[in-house]
Every structure is written in C-alpha cells, then in structure tokens.
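This report refers to the structure that appears directly beneath it.
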Amino acid sequence: LISWNILMSAFAKHGLVDEASEVFSQMPVCDQVSWNSLLSAFAQNGRLPEAKQAFHEKMPAWDSISWTIMLYAYAASGNVEEAKVLFDKMPLKSLISTNLLLSVYAQAGYDEQARKFLDESAAEHSLASLTMVLSAYALNSQLRDAQDLFERMPEKDTVAWTSILSAHATSGQMHRAKRLFDAMPELDLVAWTVMLEMHAQNSDPEGVLDLSRQMLIHGILPDNTAFTCMLFGCSHGGDVAAGRSSFHSMAIDFHLEGGRRDYGCMIDLLGRAGHLEDAIDLVETMPYPAR
RNA sequence: UUACGGGUGUCGAA
C-alpha cells in the first residue's frame, strides 16, 4: 500500500496526473493517504474541477491534510475568496493551512486581508508567516504598514530584516535603508545584494564598487545575482571597464559561470555604451540560446 | 508514503 502511494505522488510531482489516477484506480486497497495523494495530484497540476469533485463527492473521509490540500488547490488557481471560504469551514486549522492562506494573500497583494487575518487568528504565528505579510506590504509599497509590523514582531531574523530593508530600498528611501543596513545584527549575501541593487538603481557605480569591496572584506562571496546588480550598476554609470572586469572576475576569481541574466546585463551594458561588436560577439559566444 | 513555507537581480514581454 505504501509503495503504491509513493508511486502515485511521484507521478503527481512530475505532472503525470493521469498516470497517478490510473495507479489509484488499480489499487486493491487504499487509505486516507491514497485519497490525499490523489487530491494532491489534481491540486498540484491545476486541475481544480477534478480536485473539487474528488474532495466533495468521492472521498470517504477527510483529515486535516485533505483540507489543506484542497485549500492549496484553490490557492494555486488564484481563487483567493474561495480559499478563504474553505479555510473558514476547516474543522482543524493548522499552522500549515494558516501559512498557506497568508501566503495566498501576500502573493495576491491582499495586504489588508492579510493583516486582518493576522490579527484575528489568535494563534502564534511563525516568523515566516509574519515575514510573508511584511513582504506583501513591501510589494504594495505600504512602507508605513511594513514598518509598523516589523517593529511589532517579537523576533526578527535576517530574512525579516532584509525584507524591511528591501522595502525601503525599492521605495527610494536610501538613507533609511542605509541606517537599517547598519543596524542589522547579521548581514548575509542577500542583504548585501539588496544594497548593491539599491546603489545600482540609483546610478551610483562608485557605491556599487565600494560595497562589493566591503562585502568581500566581510567574507561574503558574491553569486550570480550579486554580479547582475554590480553589472547593472556599471551599466547605469556607463563604466564599461569596470563592468568588463567584474564580468571576468566572476569566472576567474569566483568560478561562477555567467548566468543568463549576467550575460544579458553585460550585453546590455556593452550595447548601451556603443560597443556593438563586443556585444554581438558576446551574444554569439554565450552558452545560452539568443532570444 | 500525502499538505504551506518568508528576503535580493539587467533588458524584454500591454
């Protein structure tokens, strides 16, 4: 029985819904996990009608996992309202289902609902749940609300700090962002990257280079994303030489293969600066199909 | 064996 269940979810993960339900129909016996796996197969692959049917008409019994999977089915197909309705009907709400609904709100930019929901549910929220709402505010440029929530959070980790940092950075609050950055208890690569990007956006190639040096001094090694920001900064500042040297250093010093976005950025930089032959050359030699 | 999972990236893509 267990192996059948495993087989089913393996199919489901790879989008083979029909194979999964085929397995299901051939099983001599099945249990709650089998039903849940079938439901999940539909849910994961955007088959809302089938999921509904299985959930409402076919399943002999439901546990809290079944409910959560159904919630996910609504969420995955963008039915925010229906997701909420289902959530309210859930006999047992777990941290997972709560997080799920929160992330739905967050992703849809329903920061109002997210906040209300957060206030209503008496349960303790995980740090991750709160950060999800925080980033929902950031998405909606609700800087004040984001700030309020951040200050009220009982504990904050680097992810939460970076989220609020990024909220400030993207809304042009450079000074506040800088202050936050300096106040952060820990700095990791993502936090540095946010700062790199902020300076890049504001056409401050000096700042970008300066930051990247400091980052190295702090023992943080850049990744492709960081390089994209650095290249972007060079691009804004029209600093072809610096861009070229970063690009080479990426491969030589850091053994990173240029990501497709790094190439895109570099090509953009060369193109804008009028080095068309070099740009074309790079397009032809890059390990990605040109589009 | 089944369910959610938080922070950063150029240009494009109405």
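Throughout, protein chains are lettered first and strands after them, A, B, ... in sequence-line order, and every chain is numbered starting at 1.
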Reference residue A:Trp35; test side chain to side chain contact (heavy atoms under 4.5 Å, CB included); the match among A:Ser66, A:Ser40, A:Pro60
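Going through A:Ser66, A:Ser40, A:Pro60 one by one, the side chain to side chain contact (heavy atoms under 4.5 Å, CB included) with A:Trp35 is satisfied by A:Pro60 alone.
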Among A:Ser97, A:Pro91, A:Ser94, which residue satisfies the side chain to side chain contact (heavy atoms under 4.5 Å, CB included) criterion with A:Trp67?
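Of the listed options, the one satisfying the test is A:Pro91.
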[X] [atom1] - [N] [atom2] separation (whole Å):
X: A:Leu86; N: B:C4; atom1: CG; atom2: P; answer: 15 Å
X: A:Leu102; N: B:G6; atom1: CG; atom2: P; answer: 13 Å
X: A:Ile6; N: B:A3; atom1: CD1; atom2: P; answer: 12 Å
X: A:Gln44; N: B:U2; atom1: CD; atom2: C1'; answer: 9 Å
X: A:Ile267; N: B:G9; atom1: CD1; atom2: P; answer: 20 Å
X: A:Asn45; N: B:A3; atom1: CG; atom2: P; answer: 13 Å
X: A:Arg261; N: B:G9; atom1: CZ; atom2: C1'; answer: 6 Å
X: A:Arg272; N: B:G12; atom1: CZ; atom2: P; answer: 7 Å

Quick one: label [X] by what it contacts on the DNA or RNA (base, sugar-phosphate, nothing), any heavy atom closer than 4.0 Å.
X: A:Ser37; value: sugar-phosphate
X: A:Leu269; value: nothing
X: A:Arg260; value: nothing
X: A:Val33; value: base

Of the listed nucleotides ([options]), which one gets closest to any side-chain atom of [X]?
X: A:Met132; options: B:U10, B:C4, B:G6; value: B:G6
X: A:Leu100; options: B:U10, B:U8, B:C4; value: B:C4
X: A:Val190; options: B:G7, B:C11, B:U2; value: B:G7
X: A:Thr228; options: B:U8, B:C4, B:U10; value: B:U10

Ionic contact status for A:Asp88 with A:Lys84, cut-off 4.0 Å:
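Looking at A:Asp88 together with A:Lys84, the answer is yes, because their closest N to O distance falls below 4.0 Å.
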With side-chain contact (heavy atoms from CB on, under 4.5 Å) as the test, would you mind laying out the steps for A:Met195 and A:Met198 before giving the verdict?
CA-CA 5 Å; A:Met195 291 303 278; A:Met198 185 179 78; 3.9 Å; yes
Using a heavy-atom distance cut-off of less than 4.0 Å, which residues of residues 150-170 of chain A contact RNA chain B?
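Close to the strand are A:Asp157, A:Thr158, A:Val159, A:Ala160, A:Thr162, A:Ser163, A:Ser166.
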Can you list, by residue number, the residues of residues 62-74 of chain A that have a non-hydrogen atom closer than 4.0 angstrom to RNA chain B?
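When residues 62-74 of chain A is checked for heavy atoms under 4.0 Å from RNA chain B, the hits, listed by number, are A:Ile65, A:Thr68, A:Ile69, A:Tyr72.
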Below 6.0 angstrom between ring centroids: does that apply to [X] and [Y]?
X: A:Phe247; Y: A:Phe227; value: no
X: A:Phe150; Y: A:Tyr137; value: no
X: A:Phe181; Y: A:Trp161; value: no
X: A:Trp4; Y: A:Phe24; value: no

Is there side-chain contact between A:Thr170 and A:Gln201, with at least one heavy-atom pair below 4.5 Å?
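They are not in contact (no side-chain heavy atoms under 4.5 Å apart), so the answer is no.
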Does any N or O donor sit under 3.5 Å from an N or O acceptor when you compare the side chain of A:Asp268 with the base of B:U10?
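There is none.
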Whether the side chain of A:Asp63 engages the backbone of A:Ile65 through a donor-acceptor N/O pair (distance < 3.5 Å, no angle test) should be reported.
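Indeed, once roles are kept as given, a pair shorter than 3.5 Å links the two residues.
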